[in-house]
Amino acid sequence: MADDVQSFEFKPALMRGRDNWTLDAGFLTRNGELFCSLDNVAGVRFAQLSARHTHSSWLDLTLEDRKERISCNLPPGDESNSQFLALAAAILADLETRKPDLKVAFGAGGAVRIAMFAIGLLALVFGLIVWIILANGGVRESRALMAFLFAGGFVLFGGGLAWSYRPWASAAMVPVETARLLVAGLALDDQPEQGQDDGEAPEDREG
C-alpha cells in the first residue's frame, strides 16, 4: 500500500554522505526532516542523462510554492542508484493514488536541455566545417577519407544530440501510472545480479 512506511538510503553523489529518505502517508522526509507533502505536488519530471563515464538521474517535484529535486549521480548498477530509482517509483506510486490524473514529464528540461542542444549543435557545425574544408581541397588526398569519416561521426552525433534535446520540442508527458511502471522497470533492471556474491568464497569451501 502507498501509505505503508517505506525507507530508502543512498548517496546523491560519490563524495557525499548517505541520505535517509522515508515516505509515510504522503509525507516525504530526508534525514528526519520534512521534505514535502505529496498532496502539494502539482507537477513531476523524471530524467536520466548519461555521457561517457558520468550518469545523472533526478526527480523534480513542483510544489505550490517551490520546486524540489531528488537526484543521484552514481551509475546504473550502483546500490545508491538502485535505491534512488526505488524511491522515485515509490513516490510515483503514492502520487498515483492521490492524484491519478497527474501527468509526468519524461526527459531533461530547462538549462540541461539547452546545454545538451548547444553541445550537439557545436559538434554538428564542427563536422560540417571539416566537410567544407575537404570540399575545397584543404586536406591532403591521403588523409581525405579519414577526415571525411571523422567529420561524419561529428555530424551524426551532433545532429542526433541536438535533435533529441531541441528546446522547442514539448516534453513527453505520460500518465502517472505509466511513469510509475517505467521507473519501477528501471529500478528492477538496475538491481545487481544475484548468485555470484551470495555464494561461498573459494577459500571457504571444503575440500
Side-chain angles (χ1 to χ4, degrees), residues 1-51 54-116 165 167 169-192:
M1 293 178 59
D3 284 348
D4 291 342
V5 178
Q6 302 176 75
S7 295
F8 309 87
E9 189 173 273
F10 60 88
K11 298 171 63 174
L14 183 62
M15 303 304 291
R16 296 273 300 276
R18 289 179 175 271
D19 289 329
N20 181 268
W21 296 83
T22 300
L23 181 59
D24 182 10
F27 291 99
L28 182 63
T29 62
R30 180 177 61 186
N31 299 326
E33 296 184 357
L34 180 63
F35 187 78
C36 72
S37 169
L38 297 187
D39 284 328
N40 296 329
V41 171
V44 182
R45 177 184 294 274
F46 176 84
Q48 294 191 108
L49 184 63
S50 295
T54 63
H55 179 85
S56 296
S57 303
W58 64 93
L59 183 74
D60 287 338
L61 301 176
T62 301
L63 307 172
E64 296 174 351
D65 58 346
R66 67 188 191 280
K67 180 181 287 187
E68 296 285 3
R69 171 169 291 185
I70 306 168
S71 64
C72 181
N73 294 332
L74 293 173
D78 188 276
E79 180 186 359
S80 286
N81 190 67
S82 299
Q83 283 283 292
F84 162 78
L85 291 173
L87 171 61
I91 290 172
L92 292 171
D94 192 289
L95 288 171
E96 183 183 352
T97 64
R98 298 174 190 281
K99 301 173 180 287
D101 296 328
L102 182 68
K103 300 293 184 181
V104 177
F106 255 70
V112 173
R113 193 173 190 88
I114 293 174
M116 296 302 294
Y165 288 95
S170 57
M173 304 296 293
V174 301
V176 64
E177 178 184 7
T178 303
R180 173 184 61 81
L181 293 173
L182 290 172
V183 176
L186 291 173
L188 185 62
D189 292 341
D190 198 59
Q191 294 295 324

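For reference, positions follow the sequence shown, starting with 1.
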Any chance you could measure [X], atom [atom1], to [Y], atom [atom2], to the nearest 0.5 Å?
X	Y	atom1	atom2	result
L23	D94	CG	CG	5.0 Å
N40	E64	CG	CD	4.5 Å
F35	T22	CZ	OG1	13.0 Å
L87	S82	CG	OG	12.5 Å
L92	K99	CG	NZ	13.5 Å
D24	Q6	CG	CD	9.5 Å

Side chain to side chain contact (heavy atoms under 4.5 Å, CB included) between L95 and V44: does it pass, once the steps are laid out? CA-CA 10 Å; L95 288 171; V44 182; 3.7 Å; yes
Where do [X] and [Y] come nearest, in terms of heavy atoms and distance?
X	Y	answer
A25	R98	C-NH2, 2.9 Å
P12	G17	CD-O, 3.4 Å
N81	L74	OD1-O, 3.4 Å
V41	L63	CG2-CD2, 3.5 Å
K11	S80	N-OG, 3.0 Å
A89	R180	O-CG, 4.0 Å

Under 3.5 Å donor-acceptor, Q83 side chain and E9 backbone: yes
I would like to know whether F10 and I70 meet side chain to side chain contact (heavy atoms under 4.5 Å, CB included); could you show each step before the answer? CA-CA 11 Å; F10 60 88; I70 306 168; 4.0 Å; yes
Does any non-hydrogen side-chain atom of P175 lie less than 4.5 Å from one of K103? yes
Do P100 and L102 have side-chain heavy atoms sitting under 4.5 Å apart? no
Can you classify the ring geometry of F46 versus F84 as parallel (below 30°), tilted (30 to 60°) or perpendicular (above 60°)? parallel
Set of ring-ring contact (aromatic ring centres under 6.0 Å, His included) partners for F8, sequence neighbours left out: none
Only counting residues at least two apart or in another chain, list the ones meeting side-chain hydrogen bond (donor to acceptor under 3.5 Å, both in side chains) with N31. D19
